[in-house]
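To start, the structure under review is shown below, and the notes come after it.
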Amino acid sequence: MPYGAAMQADYLDSDPAYVKAFLDHCDLILPMNELKVVMLRPDRDTFHFEPADRIVDLAVSNGLTTRGHTHIWHGGTPAWMEAITDPADLERELVRHIETVMDHYRGRVPSWDVVNEVIAHEPTPSQPLRDSTWLRTMGPRHIPVAFKAAQNADPKARLVLNDYDLEFKGPRYDQRRAIALSLVRQLQDAGIRIDGVGIQGHLYAEIPIDIEAVAAFGEDLKRLGVRLIVTELDVIDWNIPGGPAEQDAAAYAVVRDFLDGVFASGPPEAVVTWGITDRYSWIPDVMPRRDGQPTRPLPLDANFRPKSWHELIMQRVRLPA
Ligand code: G3I
């Protein structure tokens, strides 16, 4: 089973040690941002593949695998696309987007996050899905339309529904897991293939993992013929008092519990971290530590030294199934 990490093209030229870290440690490297519509398509007529190509080519030329992230994301939709208000027009553009991108990468990118974060942040029975331009303009059918287009564009690619907050304890998380399962069933009932559910794994070092619920979620998916895949693992440590030792100990414990839950139903399709080194992460930008000290969200520290939870991942992914 591959261990992988998301890479940012921004640092490919400026930081050779960054590139080396991926080649030293990863079986899978994927573009973190470069395949988001907002990055790929500055306007309706342009497909700017070059930054993503650099990462995909790096992976493939080194015998590694990769993934595609992502065709539909509320946070990655360009303004020109959000301005499309005619449902038929948006559907045509969505299908054209998926066909063009998956055609470009056919044979090189074997797994795609077709939709990302389509579950409502705080779902209610009447509003299970994310309030996005997609939902407002096309309704819930944007999800099957996207999966169908992806299936047609590259019949061999594995198609994944990716989301966050699927691993903690409490009614909100129970509800999010139930909605993910219901989306899988709805696709299957409509005769549309879905191969995986991505559990992002943006963990909070102080929030316990619901190991049993994650295990049951994996079992439910398995019964539907769908595999879990860990897509964006990292640890938010803004509420952990102390220094690096305390931060890393708390991260280790939460990653261990998370992996216990995920692996309970069998090995996931991959374990992917959202970056590889503390040198570059979204977390200090969005959730900096209150004491102003550096966050330590990723398996290698800012000097590329592996932490104990890096070893934990290696042990899990190398274990025979
Ligand atoms: O590409 C430009 C670069 O040219 C410019 O010099 C630089 C200056 O700030 O900005 C660069 O764009 C940034 C981009 O990352 C690439 O580094 C954007 O400003 C920044 O907003 C963007 O942030 C990303 C964010 O998604 C929004 O796309 C984060 O790196 C990325 O980690 C984050 O990833 C998301 C997942 O896709 C979905 N799940 C949650 C996760 C964390 O928010």
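We count ligands from 1, going down the list as the structure has it; atoms in each ligand are counted the same way. Remember, it's a predicted structure, so these values are computed and weren't measured experimentally. Computation of the quantities below employed the complete heavy-atom set of this structure, encompassing side-chain atoms and omitting hydrogens, waters and symmetry-equivalent molecules.
- In terms of protein heavy atoms, atom 41 (C) of ligand 1 is closest to E232 OE1, 3.5 Å.
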**Request:** Could you give me the CA-CA distance, side-chain angles and deciding distance for R158 and W112, then say whether side chain to side chain contact (heavy atoms under 4.5 Å, CB included) is met?
**Result:** CA-CA 6 Å; R158 291 185 65 80; W112 283 90; over 6 Å; no

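- Of the heavy atoms in Y164, none comes closer than 4.0 Å to ligand 1.
- A cation-pi geometry, defined here as NZ or CZ lying under 6.0 Å from the six-membered ring centre and within 45° of its normal, holds between R290 and W238.
- For atom 6 (O) of ligand 1, the nearest protein heavy atom is 4.0 Å or more away.
- In the candidate list N33, D163, D113, I283, N33 is nearest to atom 29 (C) of ligand 1, counting heavy atoms.
- The aromatic rings of F49 and H104 sit parallel to each other, their planes meeting at less than 30°, with 60° as the upper class boundary.
- Tested against N116, the residues T231, N162, D163, V160 include a single side-chain contact (heavy atoms from CB on, under 4.5 Å) partner, N162.
- Shown here, atom 32 (O) of ligand 1 is in close reach of the protein: a heavy atom of it lies under 4.0 Å off.
- Here V38 has no heavy atoms under 4.0 Å from ligand 1, in either its backbone or its side chain.
- Looking at residues two or more places apart in sequence or on another chain, you find no salt bridge (Lys or Arg N to Asp or Glu O under 4.0 Å) involving D234.
- Shown here, atom 20 (C) of ligand 1 is out of close reach of the protein: none of its heavy atoms lies under 4.0 Å off.
- At the shortest separation from atom 4 (O) of ligand 1 among protein heavy atoms lies D10 OD2, 4.3 Å.
- Among W282, Y11, Y280, W274, the residue whose heavy atom lies nearest to atom 35 (C) of ligand 1 is W274.
- Close N/O approach between W73 and ligand 1 is not found [any backbone or side-chain N/O within under 3.5 Å].
- Counting non-hydrogen atoms of neighbouring residues, nucleotides and ligands closer than 6.0 angstrom, the NZ atom of K307 exceeds 12 such neighbours.
- Ring planes of W274 and H69: perpendicular class, angle over 60° (limits at 30 and 60°).
- Counting only non-hydrogen atoms, the option in M32, Q8, K36, Q200 that gets closest to atom 26 (O) of ligand 1 is K36.
- No option in F168, F258, W282 other than W282 meets the ring-ring contact (aromatic ring centres under 6.0 Å, His included) test with H202.
- No N or O atom of N116 sits closer than 3.5 Å to an N or O atom of ligand 1.
- The protein reaches atom 37 (O) of ligand 1 closely, with a heavy atom under 4.0 angstrom from it.
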